[in-house]
Amino acid sequence: MARIVMKFGGTSMAGTERIRRVAGIVKRQQEAGHEVAVVVSAMAGETDRMVNFCREANALYDPAEYDVVVASGEQVTSGLLALTLQAMGCKARSWLGWQLPVHTNNAHAKARIESIDSDGLLASMAAGEIAVIPGFQGLEPSGRVTTLGRGGSDTSAVAVAAAIEADRCDIYTDVDGVYTTDPRIVAKARKLPLVTYEEMLELASVGSKVLQTRSVSLAMKEGVRVQVLSSFIDENAPAADTLPGTMIVSDEELEESDMERQLITGIAADKNEAKVTLTRVPDKPGAVAAIFTPLAEANINVDMIIQNVAKEKGETDVTFTAPQADLARTLAMLEERKDAIGFYRLISDDKVAKISVVGVGMRSHAGVASTMFKTLADRGINILAISTSEIKVSVLIDADETELAVRVLHTAYGLDAAA
Ligand code: ADP
Ligand code: ASP
Ligand code: MG
């Protein structure tokens, strides 16, 4: 017998029929003799719809009230899955974020899980009950509801798995594993049987939304075994216990396997960033801090930063990227501080995309970045900004060129599946 956490994403939970299929998969795992806890997302599109309602209600919305609205999508699906399981003759109950509870800090809309009280959950599972937990939700110290940031149900699942010391955390989604790039963009993408925590972390952080970044860092820290696999399967599909999906593994486990290591593991695209430029910022100590300190205090994650060579003596342009979801707040905060910072114009562009290539192999190989620049140049794709880390190179380009860029890079790094 094993203890398994099963997580189902929005596409898997979109409507009665799909929830019935999910309930069938869960029931089968229980019948295989496992103790199971299930973490669910809201139905596909629901969270987006509610985010839009919040924006319409108040463009500069209060994140605490936003959380009240968007946490509701998962409440619906957790109740529906419990009902469906009961209709199939299983014992099941839902555990809302505040009931477990899932304790978080108070960074509304992007809260961090601090701990999960799992005693009630473990007792109910030991009694043969299937625990259904809405992902994405938490409870902050003063008692208000929080959410974990978009895609946060993955993190809920990994956190529950860590709290109950599960043998495995299976993340069921609408693709059958982690691919060399989004298989919806590149038909020749290849499925990876194994990927290391470190590479998955980097891929997720640069936009491979198959797993939320925090879920990967948490799994790495807590040593949770994570598998990504498809929920769109029939009864004859290989059981999850045979590991049909992609396993996230340590570097040592990958070394021990017979998987051949490529220079580049994967390519990711992110269209959710926006570019902000402040022109004619005074070129003096403290100017850059005056821009970024308030953004950091407001929990806005700034990514690429470029400071241009001064055109005028004593002045410089500063360009950076931040999540599109935070653009309105970013612009409002900077505009408010216009005199204190001393810039001339504030320009923003949300029609940009960040394309990143990731691979541990680039530590020991030169030329990854130059291949990227040359491949894009050959297609006439202009690079607006660049950033690098030890195992990643990212470029910012025009959003319209995203698909083309990912496709040509996938070919250039030799990742295409054989026809
Ligand atoms: P869920 O609703 O199950 O959480 P998501 O939409 O968040 O699902 O994540 C699954 C999607 O991630 C896939 O449909 C796919 O388009 C996308 N994706 C992006 N990069 C990759 C990748 N490298 N491998 C697999 N899927 C990827
Ligand atoms: N429903 C939330 C979202 O769409 C959380 C999740 O699905 O993981 O972001
Ligand atoms: Mg997701």
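Remember, it's 1-based here, ligands and their atoms both numbered in the order they're listed. Computed from heavy atoms alone, side chains included, the values below leave out hydrogens, waters and symmetry copies. This is a predicted model, so every value here is computed, not measured.
With a 4.0 Å heavy-atom cut-off, ligand 1 is reached by no atom of Ala44. The proximity of Thr173 to ligand 1, defined as any non-hydrogen pair under 4.0 Å, involves the side chain as well as the backbone. Using a 4.0 Å cut-off between heavy atoms, Thr181 contacts ligand 1 through its backbone alone, with no side-chain atom that close. Counting heavy atoms closer than 4.0 Å to ligand 2, residue Gln212 contributes nothing at all.
With distances taken over non-hydrogen atoms, the option nearest atom 14 (O) of ligand 1 out of Asp174, Leu211, Thr180 is Asp174. Considering each of Lys191, Met200, Lys209, the one bringing a non-hydrogen atom nearest atom 6 (O) of ligand 1 is Lys209.
Annotation: side chain of Met304 is not in contact with side chain of Leu384 (no heavy-atom distance under 4.5 Å). Taking 4.5 Å as the limit, some side-chain heavy atom of Leu327 sits within range of a side-chain heavy atom of Ser348. Side-chain contact check for Ser215 versus Lys7: every heavy-atom pair is 4.5 Å or farther apart. By the 4.5 Å heavy-atom criterion applied to side chains, Thr279 and Thr277 are counted as neighbours. His108 places a side-chain heavy atom less than 4.5 Å from the side chain of Glu140.
Taking only nitrogen or oxygen atoms, main chain and side chain alike, Gly10 reaches within less than 3.5 Å of ligand 1. At a 3.5 angstrom cut-off on N or O pairs, Lys7 counts as close to ligand 1. Between Gly10 and ligand 2, not a single N/O pair is under 3.5 Å apart.
Within the structure, ligand 1 lacks Gly266 among the residues with a heavy atom less than 4.0 angstrom away. Residue Gly152 places a heavy atom under 4.0 Å from ligand 2. By the 4.0 Å heavy-atom criterion, Gly135 is excluded from the residues contacting ligand 2. Not close to ligand 2: Glu46, with no non-hydrogen atom less than 4.0 angstrom away.
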Item to check | Stepwise side-chain contact (heavy atoms from CB on, under 4.5 Å) test for Ile306 and Val318 | outcome: CA-CA 6 Å; Ile306 313 168; Val318 176; over 6 Å; no
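For ligand 1 and Gly9, the ligand atoms under 4.0 Å from any heavy atom of the residue are 1 (P), 2 (O), 3 (O), 4 (O). Against a heavy-atom cut-off of under 4.0 Å, Pro183 is close to the following atoms of ligand 1: 24 (N), 25 (C), 26 (N), 27 (C). Atoms of ligand 1 found under 4.0 Å from any heavy atom of Gly177, numbered from 1 in the order shown, are 24 (N), 25 (C). Heavy-atom proximity to Arg184, at under 4.0 Å, picks out these atoms of ligand 1: 13 (C), 14 (O), 15 (C), 16 (O). The ligand atoms of ligand 2 that sit less than 4.0 angstrom from a heavy atom of Arg150 are 3 (C), 4 (O), 9 (O). Within ligand 2, counting atoms from 1 as listed, the ones closer than 4.0 Å to a heavy atom of Thr47 are 1 (N), 2 (C), 3 (C), 4 (O). Each of the atoms 6 (C), 7 (O), 8 (O) of ligand 2 lies under 4.0 Å from some heavy atom of Ser41. Under a 4.0 Å criterion applied to the non-hydrogen atoms of Val178, ligand 1 contributes the atoms 24 (N).
The protein heavy atom nearest to atom 1 (N) of ligand 2 is Glu74 OE2, 2.6 Å. Looking from atom 24 (N) of ligand 1 to the surrounding protein, the closest heavy atom is Tyr179 N, 2.9 Å. Atom 21 (C) of ligand 1 has Asp182 CA, 3.7 Å as its closest protein atom, hydrogens excluded (heavy atom only). Considering only non-hydrogen protein atoms, atom 27 (C) of ligand 1 sits nearest to Val210 CB, 3.8 Å.
Looking at Glu65 and Arg144, a side-chain N of the basic residue comes within less than 4.0 Å of a carboxylate O on the acidic one, giving a salt bridge. Ion pairing between Glu403 and Arg184 fails under the 4.0 Å rule for side-chain N and carboxylate O. Between Asp350 and Lys275 no salt bridge is recorded (no basic side-chain N to carboxylate O distance below 4.0 Å). Using a 4.0 Å cut-off between charged nitrogen and carboxylate oxygen, Glu390 and Arg363 count as a salt-bridge pair.
A distance of 11.5 Å separates NE2 in His34 from CE in Met125, rounded to the nearest 0.5 Å. Distance check: Ile264 CD1 to Ser356 OG gives 11.0 Å after rounding to the nearest 0.5 Å.
Taking both residues in full, the closest heavy atoms of Leu192 and Thr246 are given as O-OG1, 2.6 Å, listed atom of the first, atom of the second, then distance.
Ring geometry, Tyr172 versus Phe8: the interplanar angle falls under 30°, so the pair is classed parallel (tilted spans 30 to 60°).
Side-chain contact, Gln86 with Thr84: no donor N or O sits under 3.5 Å from an acceptor N or O.
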